[in-house]
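Owing to the predicted nature of the structure, the values given are computational and were not obtained by experimental measurement. Chain letters run A, B, ... following the sequence lines, proteins first, then strands; residues in each count from 1. Computation of the quantities below employed the complete heavy-atom set of this structure, encompassing side-chain atoms and omitting hydrogens, waters and symmetry-equivalent molecules.
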Amino acid sequence: MSRYSAAEIEPKWQQAWETAGTFTAQRDDAKPKYYVLEMFPYPSGNLHIGHVRNYTMGDVVARYKLSTGHALLHPMGWDAFGLPAENAAMEKKIHPGAWTYKNIDNMKSQFSRLGLSLDWSREFATCDPEYYGQQQSMFIDFMEKGLVYRKNAVVNWDPVDMTVLANEQVEDGKGWRSGATVERRELTQWFFRISDYSEELLGALDRLENWPDKVRLMQRNWIGKSRGLQFAFGLIDGPTGHDRIEVYTTRPDTMLGASFVGISPDHPLARALEKDNADLAAFNAECRKMGTAEEEMEKAEKKGFDTGLRVRHPFDTAWELPVYVANFILMDYGTGAIFGCPAHDARDLEFARKYDLPVVSTYAPANDDGTALPEDGGEAYVPPKTEPVIYVRGFAGETEQTGEAAIDAAIAFCEANGVGHGVTKFRLRDWGLSRQRYWGCPIPVIHCDTCGVVPEKKENLPVKLPEDVTFDRPGNPLNWHPTWRDVPCPSCGKPAQRETDTMDTFVDSSWYYARFTSPGAATPTVADDAAYWMNVDQYIGGVEHAILHLLYSRFFARAMHACGHLPESAVEPFDALFTQGMVTHEIYLTRDENGRPVYHLPQDVTDGKLADGTAVEIIPSAKMSKSKKNVVDPVTIIEQYGADTARWFVLSDSPPERDVEWTASGAEAASKHLARVWRICTEAAEAPEEGPKGTDEALLRETHKAIHDVTMGIESFGFNTSVARLYAFTNTLQKSQAGRAARIAAAKTLAQLMSPMTPHLAEEIWAHLGGSGLIANAPWPKADQSMLVDDEITLPIQVNGKRRAEITVPRDMPKDEIEKLVLASDAVKRATADGAEVRKLIVVPGRIVNVVL
RNA sequence: GCCCGAGUGGCGGAAUGGUAGACGCAGGGGAUUCAAAAUCCCCCGCCGCAAGGCGUGCCGGUUCGAGUCCGGCCUCGGGUACCA
């Protein structure tokens, strides 16, 4: 074959790997194991280019680790429960399961064309009853360990569709389908006690050295450990049963700056008061119309309602403060009540100015720079807690001290004087896992009038979702299925009802990595296999999962360990994490008659217009998402150029951790380059027996430098720099005059170095040049350190930090000789021609020389 | 709002505090060809005839030396607990 034809060679090598079982995971105690995992995809129907990027990166790591002598586990599955399937069911009258499995089929065939080193024998979907049945079994174990409980929590309620909405389904406070104003509604829901592990999950972050710092920082902030004071304000003439308001504050040092007390509209006191106060009831009702999203809450205009009640300041019973119900205080946080200190909190200041409440600084900058104080119309003064400030209204500790010291002193003072006590709190809340939806893992419990909440017997698992459901009305079909709910109580046998809530899909994705170690087993995991394969050595996925998915997985692994499903060593399931950037794209939309957006696929938009000539609005690049339709289809690229080109293309140019804006140009260039590599490598076999003197040696040195650089790039996730280095090495090989044997050797090494990225082309070159066996199994080349250093180096000469010249010297030339050469150089002579003196001469060996005048 | 990132030629980007722009794309010029495709060679940050000057989002600082470190901003992206 003279021309490189992806269409011919790619299926051939994919078949060869499959026949040889190259990527079938095999335990081998003689080898170190390596478990590489990319976050499994939601089966939306089509691979998009972001998937190609993600899975190609994982594949590079996997193939590289296989070549370096590891027993490899590289599995794939499907995160298959979730909302889009139910939306499809409503829109297209297709069962969510049928839709999902059809999508899986389609995506799997797209996957197979990419030539990924996946062990498909371990594949599963989270919607397989075999998988979710094991999940139900663990849920029951968690119940027994006290890791699960029920409590009331608020949801977004669509009063027209009579259904619960996801935050994403609420647009500007309205239900996305009905357009009705969304209300908050309380439901009894299931929770995991993740907050019991707050301290543990926080502390263990320090040991995750191979995780990105930014992810650890985000998790640390999310868990949000704080030390503060919990104390009570005495309530004057409150309703029966309400004589005090408990508040929690992280800034007890500002207690003398208190200006009001705020309580949540859902606070028991607010609920008690609204019974006799129609205006307050109306205000609270208005607050409850807000969605449940934190973002919405924080951005909304701060509003309060003066209850007319007063509380006494604990330091001075003559000092009274007003009590407001405020829309920005959540019942779920702390005690559902705060004291406002407007001088040192932007939100409280906004509130105080709106309701004309006092603003009193408790501390001021140590160095008065003339900035207006909050009481004089300035901004709230909120310096870092580590910065010393002057306490103008302090009551504990030094006059000048840091916030940290003042907080400690304030807590000690308050405790000594019987005003509350110091408490450590966490921002992390328990994990609400109930979903009022069909397409999820059923929660395996039964509600019995006599016995209460009873877990299903394990021998009856899985509790399967009924197939015969329809989606012609909104809400959860499990609620109105004629027979599914009705079961005898597992405990007393009397008629009872199944729980109709299903589990959050984050539960499904919190343990799939463990299931991959023994996917067919009759228990969630098998101790032996889990011990061998866990942990995931390299986990790869989008940074958008930095908090929730990764934190939930860390909790789940601990809970599984508590129930004997994972060894202690696997409580941190991901040894190393890499968060790749997203592939972004512009969003195209038009508006319907109600002004609501209608999104369009990139392939339907040409020059800013639809086929019928309608102009589209263009929103700048954002994360590709199915709902916004800004997705790019990689199949057309594979069909036109082949998988290797698609793979090469997504690895080139952009650094893996950075977002990349997809543009169609460039695939052509990648394709040309691969054809060129093929040509250069095959031509090596036709080179003259011997080249000019020294050319073999020179090529060998370049080969070893390439091995070193490309390997470093792969190991540090610098795939784009590895690719750049491979371009350079290809150029070197092309220009080399070396003899046949040397060129063949270099070409084979080039093929090996490219094999994790363009595996089909690499196999073809390897076979053509007489390599033995599959290149996938060939041991990774090793760089000879002695080949990496040159005898001569070039040193730039700077004058006052600006480069003026350079000199080439032997690598080991002593410093004083370099100095002599530099001082004698034309550049320095020119610079000192006006009589300037050399004040300093800095020689950084092997790096640079700086002449300071 | 709050938390976390990112910002370098026309474009994607490279650069342990040490020659800013490697490598590639696009563009320009040339070779080959009857012509084209394919391929190969050369040029390519900005201003300037040149000498030289200016340049890594903006302002300031540390340093012999800053894209890189520190402080303050701006813009864009992610997360914000029911999208996955």
Answer with base, sugar-phosphate or nothing: what part of the nucleic acid does [X] contact at a heavy-atom distance below 4.0 Å?
X	answer
A/Arg216	nothing
A/Gly432	sugar-phosphate
A/Leu428	base
A/Gln436	base

Checklist entry - Where is the tightest heavy-atom contact between A/Tyr438 and A/Thr502, given as atom of each residue plus distance? => result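 Shortest heavy-atom separation between A/Tyr438 and A/Thr502 comes out as O-CG2, 3.7 Å.
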
Next on the checklist: Ignoring hydrogens, what is the shortest heavy-atom contact between A/Pro43 and A/Asp79? Give both atom names and the distance.
Outcome noted: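 Residues A/Pro43 and A/Asp79, closest heavy atoms: CD-O, 3.3 Å.
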
With a cut-off of less than 4.0 Å, is there a side-chain N or O of [X] near OP1 or OP2 of [N]?
X	N	value
A/Thr505	B/A84	yes
A/Lys802	B/C54	yes
A/Asn731	B/G24	yes

Checklist outcome for this item: Each base of RNA chain B marked ( ) or [ ] if paired in-strand (Watson-Crick or G-U under 3.5 Å), | if paired to another strand and . if unpaired gives (((((((..(((.....[....))).(((((.......))))).(((....)))..(((((..]....))))))))))))....

Salt bridge between [X] and [Y], side-chain N to carboxylate O under 4.0 Å?
X	Y	answer
A/Asp790	A/Lys705	yes
A/Lys174	A/Glu171	no
A/Lys299	A/Glu295	yes

Checklist entry - A/Tyr4 versus A/Asp644: any side-chain heavy-atom pair under 4.5 Å? => result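 Of all side-chain heavy-atom pairs linking A/Asp644 with A/Tyr4, at least one is under 4.5 Å.
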
Checklist entry - Looking at side-chain heavy atoms only, is the closest gap between A/Gln798 and A/Ile848 below 4.5 Å? => result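 A side-chain contact exists here, since the closest heavy-atom pair is under 4.5 Å.
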
Next on the checklist: Go nucleotide by nucleotide along RNA chain B from the 5' end; which of A/Pro41 and A/Lys672 gets its closest nucleotide reached first?
Outcome noted: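 Its nearest nucleotide lies further toward 5', so the answer is A/Lys672.
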
Item to check | Upstream residue (5' side of RNA chain B) when A/Val723 and A/Leu548 are each assigned their closest nucleotide | outcome: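 That would be A/Val723.
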
Next on the checklist: Can you list, in residue-number order, the parts of residues 846-853 of chain A that come under 4.0 Å of RNA chain B, counting heavy atoms only?
Outcome noted: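 Hits under 4.0 Å, by residue number: A/Arg847, A/Ile848, A/Asn850, A/Val852.
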
Item to check | Syn/anti state for B/G9 [syn: chi within 90° of 0] | outcome: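 Chi for B/G9 falls in the syn range.
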
Checklist entry - Would one find more than 12 heavy atoms of other residues, nucleotides or ligands at under 6.0 Å from atom CD of A/Glu837? => result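 Counting other residues, nucleotides and ligands, CD of A/Glu837 stays at 12 neighbours or fewer.
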
Next on the checklist: Counting the benzene-type ring for Trp, do A/Tyr727 and A/Trp648 have ring centres under 6.0 Å apart?
Outcome noted: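 Distance test on ring centres: under 6.0 Å, yes.
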
Checklist entry - Taking the six-membered ring for Trp, is the centroid-to-centroid distance between A/Tyr539 and A/Tyr513 below 6.0 Å? => result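 No, the ring of A/Tyr539 stays outside the 6.0 Å limit from the ring of A/Tyr513, centre to centre.
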
At a cut-off of 3.5 Å, list every protein nitrogen or oxygen paired with a nitrogen or oxygen from nucleotides 2-5 of chain B, distance to 0.1 Å.
from : atom 1 : to       : atom 2 : distance (Å)
B/C3 : O3'    : A/Asn221 : ND2    : 2.8
B/C3 : O2'    : A/Asn221 : ND2    : 2.9

Checklist entry - How long is the span from the CG atom in A/Leu753 to the CG atom in A/Leu726, to the nearest 0.5 Å? => result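 A/Leu753 atom CG to A/Leu726 atom CG measures 6.0 Å (nearest 0.5 Å).
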
Could you pull out the protein-nucleic contacts involving nucleotides 40-42 of chain B (nitrogen or oxygen on both sides, under 3.5 Å)?
from  : atom 1 : to       : atom 2 : distance (Å)
B/C40 : OP1    : A/Arg676 : NE     : 3.2
B/C40 : OP1    : A/Gln734 : NE2    : 3.2

Residue [X], side-chain atoms from C-beta onward, closest of [options]:
X	options	answer
A/Tyr42	B/C54, B/G24, B/A84	B/A84
A/Asp504	B/C25, B/C82, B/A14	B/C82
A/Asn167	B/C23, B/A81, B/G18	B/A81

Item to check | Nucleotide B/G78, atom P - distance to CD of A/Gln580 in whole Å | outcome: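 Answer to the nearest Å: 14 Å.
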
Next on the checklist: Expressed as a whole number of angstroms, how long is the span from A/Arg435:CZ to B/C83:C1'?
Outcome noted: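 So the two atoms are 11 Å apart, to the nearest Å.
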
Could you work out the separation of [N] and [M] based on their [atom1] atoms and round it to a whole Å?
N	M	atom1	value
B/G71	B/C82	C1'	41 Å
B/U8	B/U75	C1'	16 Å
B/G7	B/C69	P	11 Å
B/G12	B/U80	P	28 Å

Checklist entry - Taking the six-membered ring of A/Tyr149, is the NZ or CZ of A/Arg193 close enough (under 6.0 Å from the centre) and on axis enough (within 45°)? => result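 Positive - A/Arg193 is close enough to the ring of A/Tyr149 and near enough to its axis.
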
Checklist entry - Within 45° of the ring axis of A/Trp190 and under 6.0 Å from its six-membered ring centre, is that where the NZ or CZ of A/Arg150 lies? => result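 Yes, A/Arg150 sits over the ring of A/Trp190.
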
Write down the protein N/O and nucleotide N/O pairs, taken from nucleotides 8-12 of chain B, whose separation is under 3.5 Å; answer none if there are no such pairs.
from  : atom 1 : to       : atom 2 : distance (Å)
B/G12 : O2'    : A/Ser654 : OG     : 3.1
B/G12 : N2     : A/Asp653 : OD1    : 2.9
B/G12 : N3     : A/Asp653 : OD1    : 3.4

Produce the list of close N/O pairs, under 3.5 Å, pairing protein atoms with atoms of nucleotides 27-30 of chain B; give distances to one decimal.
none

